*Asks:* 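I have a structure here, written as structure tokens, and I will follow up with some questions on it.
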2 protein chains.
Amino acid sequence: MRPRNTTDGIPEASIARLPVYLRALQSLADQGVTTVSSHQLAIAAGVNPAKLRKDLSHLGSYGTRGVGYEVDYLIYQISRELGLTQDWAVAIVGVGNLGRALANYGGFASRGFQIACLFDADPRQIGTRVGHHVVHDIADLERIVVEKRVAIGVIATPAAAAQQVCDRLVAAGIRSILNFAPTVLSVPPTVEVRKVDLSTELQILAFHAQRRALSELEALDVIDYPDIERLDPRAVSRADEPPDRPRRVAGVSR
Amino acid sequence: MRPRNTTDGIPEASIARLPVYLRALQSLADQGVTTVSSHQLAIAAGVNPAKLRKDLSHLGSYGTRGVGYEVDYLIYQISRELGLTQDWAVAIVGVGNLGRALANYGGFASRGFQIACLFDADPRQIGTRVGHHVVHDIADLERIVVEKRVAIGVIATPAAAAQQVCDRLVAAGIRSILNFAPTVLSVPPTVEVRKVDLSTELQILAFHAQRRALSELEALDVIDYPDIERLDPRAVSRADEPPDRPRRVAGVSR
DNA sequence: CCGATTTTGTGCACGCATTCACAAAGTCGT
DNA sequence: ACGACTTTGTGAATGCGTGCACAAAATCGG
Ligand SMILES: NC(=O)c1ccc[n+]([C@@H]2O[C@H](COP(=O)([O-])OP(=O)(O)OC[C@H]3O[C@@H](n4cnc5c(N)ncnc54)[C@H](O)[C@@H]3O)[C@@H](O)[C@H]2O)c1
Ligand SMILES: NC(=O)c1ccc[n+]([C@@H]2O[C@H](COP(=O)([O-])OP(=O)(O)OC[C@H]3O[C@@H](n4cnc5c(N)ncnc54)[C@H](O)[C@@H]3O)[C@@H](O)[C@H]2O)c1
């Protein structure tokens, strides 16, 4: 073994939190704070202090016992670990509602992500300006992606086109993809896909909201009905009948 | 104990996957498929079949051994569990780039989420139309949220305004919040916040992209340099010097 | 009616992540 | 120079999630 401190393999869960720490640190730096304890930073980042320290310990031993962490130095170390000391060229495919919002967003450039080019398949979009870019024809994707050294592809097309677009991004050599379309993409194992699914987020919120509503109902009025299934707790939109349950319906299906 | 099948407490990890299964099932239903095995559905959803079965088993015993799951029936059961048999009214605060994209998106209504109202603080936005809604003054938030029975709030304002907007949503009785601003929101424990952070996603992609680049470099040329720290593997934007590391620098800090 | 076949539902083992709790390390005041 | 105090870094315990592997259940053909 050699004294290579940052051995390797930082746990995924830690990596996902590093950007949060980074943002909290930058906010502290803006306020003129030069030194921060794990406790303070943990509060700012919304995590447990022990978890924060363990996460940071994966990068190396950058704190000072009795004092805390030097804000600027830690910002640099996290940025370096995340690969933010260089710029990354990003291509956005699909300049509809969402693609436009992303293209116009200023918050990426400041974090080292340069929108390098935009693509669409719609002839009415091609050639128009969005932000300070001209929308390219998807037909030119491979050429331009290579020319501009694009490393990250963002898919903001309808779901039906997503796999096809993904295949072309991969063919052009891109191995990091952020997918906004609600589809499961299949890619070779060398390619990493991350999915952002807004409907899913809302559905998870709905699940918990329903749970809350239900448990509150039970808490106050209900006398614990017998076994009759109470399909819909909120007794409003009960209109749509449940689909024919499987025909076999054995007598004792528990 | 009573024969209440869906006892309670479905693991969070399972809940987060239910929307994915739901979408895969709907796609199958559209193709006319009436019955599906855990294996097929698992492929469509991009997960392990055993995991899928265990997830579904938390909802009840809705499969038929030797056959599989009835597509329509399973769609109904998952929808019910997620609370999608009723409609949910959603308010969007901040109609900038992102808020507009969300307001114009058609994919929410079809999943039971109705955009009920839009808010902004900018006088130039207030009163304008976005989608088929008029943008309301944020000053009227509490009143309108109660009137329209809004259950879910979406924050699409700049980070600086997010906590303040959040507080008002909570004051108006909303207990489910989807936050797009890059801030940690603090809320009472009765309120659930989910965060969608696009910059974080890109940063995670960048981390892995850097790892790949680095390990490929090492794989072919490098003769394993001695201990000199190699800060930047890509030797390009090496311009910016690392910040002054903590002054104390002990001799043997390992 | 029975036996071969398919596929579910789940017990179990394993590994990763979280959190506690504490010794080691460093600071700061006197 | 020293002792009280602060805060890091990490061992150890616990809990959660994943996936294998298999018995139980149901179908179907003969
Ligand atoms: N807008 C939102 O708020 C939102 C929310 C959740 C999910 N999504 C998802 O994000 C994706 C984009 O949403 P949107 O609202 O921007 O859709 P949109 O219809 O407004 O835009 C899609 C764009 O993709 C282009 N396109 C279609 N096929 C293409 C192809 N093969 N190659 C290149 N471009 C192509 C279209 O011309 C269009 O400009 C969709 O999959 C949608 O489900 C969007
Ligand atoms: N646009 C993107 O693609 C993108 C990507 C990642 C993150 N985000 C985040 O999403 C948020 C919105 O981004 P955007 O690009 O739409 O910003 P934007 O500046 O285009 O829009 C913000 C809107 O919020 C309104 N607003 C400001 N203060 C308000 C208040 N107190 N109450 C109500 N409305 C208020 C503004 O008037 C403006 O219309 C930001 O926090 C941004 O960091 C956006």
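Just so it is clear, the structure is predicted and the values come from calculations on it, not from any experiment.
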*Asks:* Can you tell me how far P of C:dT18 sits from CG of A:L56, to the nearest Å?
*Replies:* 14 Å
*Asks:* Just checking, is any N or O donor in the side chain of B:Q163 or B:D167 under 3.5 Å from an acceptor N or O on the other one?
*Replies:* yes
*Asks:* For C:dT7, does OP1 or OP2 lie under 4.0 Å from any side-chain N or O of B:S38?
*Replies:* no
*Asks:* Nearest whole Å is fine: how far is C:dG26 C1' from A:Y62 OH?
*Replies:* 19 Å
*Asks:* What is the separation between atom CD1 on A:I10 and atom P on D:dG9, rounded to the nearest whole Å?
*Replies:* 14 Å
*Asks:* For the residue pair A:Y105 and B:L98, establish whether any side-chain heavy-atom pair is separated by less than 4.5 Å.
*Replies:* no
*Asks:* Check the distance between C:dT7's C1' and B:E70's CD and give it to me in whole angstrom.
*Replies:* 15 Å
*Asks:* Taking donor-acceptor contacts at under 3.5 Å, does the side chain of B:K54 reach the base of D:dT18?
*Replies:* no
*Asks:* With the side chain counted from C-beta on, respond yes when B:I78 and B:L74 share a heavy-atom pair under 4.5 Å apart, and no when they do not.
*Replies:* yes
*Asks:* Using atom NE2 of B:H58 as one end and atom P of D:dT18 as the other, report the distance to the nearest whole Å.
*Replies:* 10 Å
*Asks:* Mind calculating the distance between OH (A:Y73) and P (D:dT8) to the nearest angstrom?
*Replies:* 16 Å
*Asks:* Kindly compute the distance separating CD1 (A:I177) from SG (A:C166), expressed to the nearest 0.5 Å.
*Replies:* 4.0 Å
*Asks:* Under 4.0 Å between a side-chain N or O of A:S37 and OP1 or OP2 of D:dT7?
*Replies:* no
*Asks:* Counting side-chain heavy atoms from CB outward, which of D:dG9, D:dG17, C:dG9 is closest to B:A13?
*Replies:* D:dG17
*Asks:* Using whole Å, what does the distance between atom P of nucleotide D:dC16 and atom CG of B:D55 come to?
*Replies:* 16 Å
*Asks:* With hydrogens left out and only the distance checked, is there a donor-acceptor pair under 3.5 Å joining B:R65's side chain and the base of C:dT7?
*Replies:* no
*Asks:* Starting at CD of B:E12 and ending at P of D:dG15, how long is that distance when rounded to a whole Å?
*Replies:* 19 Å
*Asks:* Are A:E201 and B:F180 packed together at the side-chain level, in the sense that at least one heavy-atom pair is separated by less than 4.5 angstrom?
*Replies:* no
*Asks:* Would you mind reporting whether A:Y69 and A:L56 have side-chain heavy atoms less than 4.5 Å apart?
*Replies:* yes
*Asks:* Please list, by residue number, the residues of residues 44-53 of chain A whose heavy atoms come closer than 4.0 Å to an atom of DNA chain C; answer none if no residue qualifies.
*Replies:* A:N48, A:A50, A:K51, A:R53
*Asks:* Does B:R17 or B:V67 map to a spot on DNA chain D nearer the 5' end, using the closest nucleotide for each?
*Replies:* B:R17
*Asks:* Are A:I75 and A:L22 packed together at the side-chain level, in the sense that at least one heavy-atom pair is separated by less than 4.5 angstrom?
*Replies:* yes
*Asks:* Which nucleotide in the list D:dA26, D:dT10, C:dT8 gets nearest to the side chain of B:T64?
*Replies:* D:dA26
*Asks:* Looking at C:dG9, I'd like to know if its phosphate oxygens (OP1 or OP2) sit under 4.0 Å from a side-chain N or O belonging to B:Y69.
*Replies:* yes
